[in-house]
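Just so we're clear, the structure is a prediction, and the values are computed from it rather than from any experiment. Both counts, for ligands and for their atoms, begin at 1 and track the order of listing. Values reported hereafter were calculated over all heavy atoms of this structure, with side chains retained and with hydrogens, waters and symmetry mates removed.
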Amino acid sequence: MISLGIESTAHTIGIGIIDENGGILADERDMMKTKEGSGFIPRELFEHHQKIAVDLLKKAIDKAEITIRDVDVISFSQGMGIPNALRVGASLARYLAIKYKKPLVGVNHGVAHIEIGRLLTKTKDPVVVYISGGNTQIITYVDGRYRILGETEDIPLGNALDELARFLNYPMPGGPKIEELAKKGKYVDFPYVVKGSNVSFSGLVTHAKRLIKKGFKVEDVCFSFQETAFAMLVEVTERVLAHTEKNEVLVVGGVARNKRLQEMFRIMCKERGARFEIVPFKYAGDNGVMIAWTGLLSYKHGIITKMDESKILQKWRIDEVEVPWMKSRSIHLR
Ligand code: ATP
Ligand code: FE2
């Protein structure tokens, strides 16, 4: 069985092709770049994705050495995301499904980040830390669905890092630049904001900007921002691990690429005797393969998206999605 997946929730348009054994046959993607210091304009995202989608599709099909007729299921990221971006992938998916008479599966982008992580790290039932530009959630499987047991109360971590980088006039995505600057920094005082299993980052951004305006060294601000934000996440993850009695931690999403973050999680997991895994670098960011794989899992468990149910779902949360392939593992919250 072969699944073709289309990702287009935000800056990246991607086409991935995967087989039933998790063999990645193709992974084509293109990320829209922005000018230094500016964010994305939704209309420009639409134009960028629109212009490049069919080209990527052709390349992916060539790379996989198949024809579109060999594809068994057309998967696409249905949400959550930026409507203008989502529409490009959804339209292409509908067109392919109709023209080639293939089943269509709308995939939840967040679930796809988790599933590609589980596939590539061979984790079974992890506590997932999903940290990207658009999301910061501590998630784990409970009773039929992935449940969000902790999350940011305001902005996502990647977004916070990007905002700080933008303030410093660095191009997007800003996370890698902050990571680089942080390597040369030392600690200055930062607010630490954890409420139960939730975190909050906007106060950290405000504080960082204030320190920079006051003339603090940029490297010190970046270092301390990272140390504080990552420590907050490690703390809530440890709490969720304790409550659910699970023994694996899997970090997914673009921010998972940060080496210092990985190190802090690794230390915590070692102390608790939990296995620690990070989604491989290449599949940390948005890609079509993760959509293809999750579409394939869904299809194999009887999930098909009817044409009239294929409209984009801008705010589709992970905990609204049934994940029958996880059903065999039931756990109880303490
Ligand atoms: P989602 O739609 O799932 O929220 P996304 O659109 O934000 O995803 P991703 O590619 O998953 O896309 O994540 C991008 C984020 O990852 C950006 O905010 C970027 O700054 C951040 N990032 C990338 N590399 C690093 C790094 N080395 N350290 C910290 N953050 C990073
Ligand atoms: Fe993403």
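Summarising the contacts of atom 24 (N) of ligand 1 with Ala112, Gly110, Pro176, the nearest heavy atom is found in Pro176.
Heavy-atom separations between Gly174 and ligand 1 include at least one value shorter than 4.0 Å.
Nearest to atom 19 (C) of ligand 1 among the protein's heavy atoms is Pro173 CB, 3.5 Å. For atom 30 (N) of ligand 1, the closest non-hydrogen atom on the protein side is Gly175 CA, 3.4 Å. In this structure, the protein non-hydrogen atom closest to atom 15 (C) of ligand 1 is Gly133 N, 3.6 Å.
At a heavy-atom distance under 4.0 Å, only side-chain atoms of His11, from C-beta outward, approach ligand 1. At a 4.0 Å heavy-atom cut-off, ligand 1 does not touch Met172 at all. Using a 4.0 Å cut-off between heavy atoms, Leu161 contacts ligand 1 through its side chain alone, with no backbone atom that close. Residue contacts with ligand 1, taken as heavy atom pairs separated by less than 4.0 Å, involve Asp286 via backbone and side-chain atoms alike.
Remark: ligand 1 atoms within the under-4.0 Å shell around heavy atoms of Gly134 are 4 (O), 7 (O). Close contacts between ligand 1 and Ala10 involve ligand atoms 6 (O) [criterion: under 4.0 Å to a heavy atom]. Shown in contact with Tyr130 at under 4.0 Å from a heavy atom are these atoms of ligand 1, numbered in order with element: 1 (P), 3 (O), 4 (O). Residue His113 approaches ligand 1 through these ligand atoms, each under 4.0 Å from one of its heavy atoms: 3 (O), 11 (O). Less than 4.0 angstrom separates some heavy atom of Gly158 from each of these atoms of ligand 1: 18 (O). Residue-ligand proximity, Asn135 to ligand 1, at heavy-atom distances under 4.0 Å covers atoms 1 (P), 3 (O), 4 (O).
At under 3.5 Å, not a single nitrogen or oxygen of Gly253, backbone or side chain, sits near a nitrogen or oxygen of ligand 1.
Distances shorter than 2.8 Å separate the Fe ion (ligand 2) from the protein N/O/S atoms His109 NE2, His113 NE2, Asp286 OD1.
Geometric assessment of Arg87 against the ring of Phe76 yields a negative cation-pi assignment under the 6.0 Å and 45° thresholds. With a 6.0 Å cutoff to the six-membered ring centre and a 45° limit on the axis angle, Arg257 counts as a cation-pi contact of Phe281.
Remark: Arg275 engages Glu277 in a salt bridge, criterion side-chain N to carboxylate O under 4.0 Å.
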*asked:* Let's go through Asp286 and Arg29 carefully: what are the C-alpha distance in whole Å and the side-chain angles of both, what is the deciding distance for side-chain contact (heavy atoms from CB on, under 4.5 Å) to 0.1 Å, and is it a yes or a no?
replied: CA-CA 9 Å; Asp286 295 349; Arg29 34 179 139 158; over 6 Å; no
*asked:* Walk me through whether Val323 and Trp325 qualify under side-chain contact (heavy atoms from CB on, under 4.5 Å).
replied: CA-CA 6 Å; Val323 290; Trp325 53 90; 3.6 Å; yes
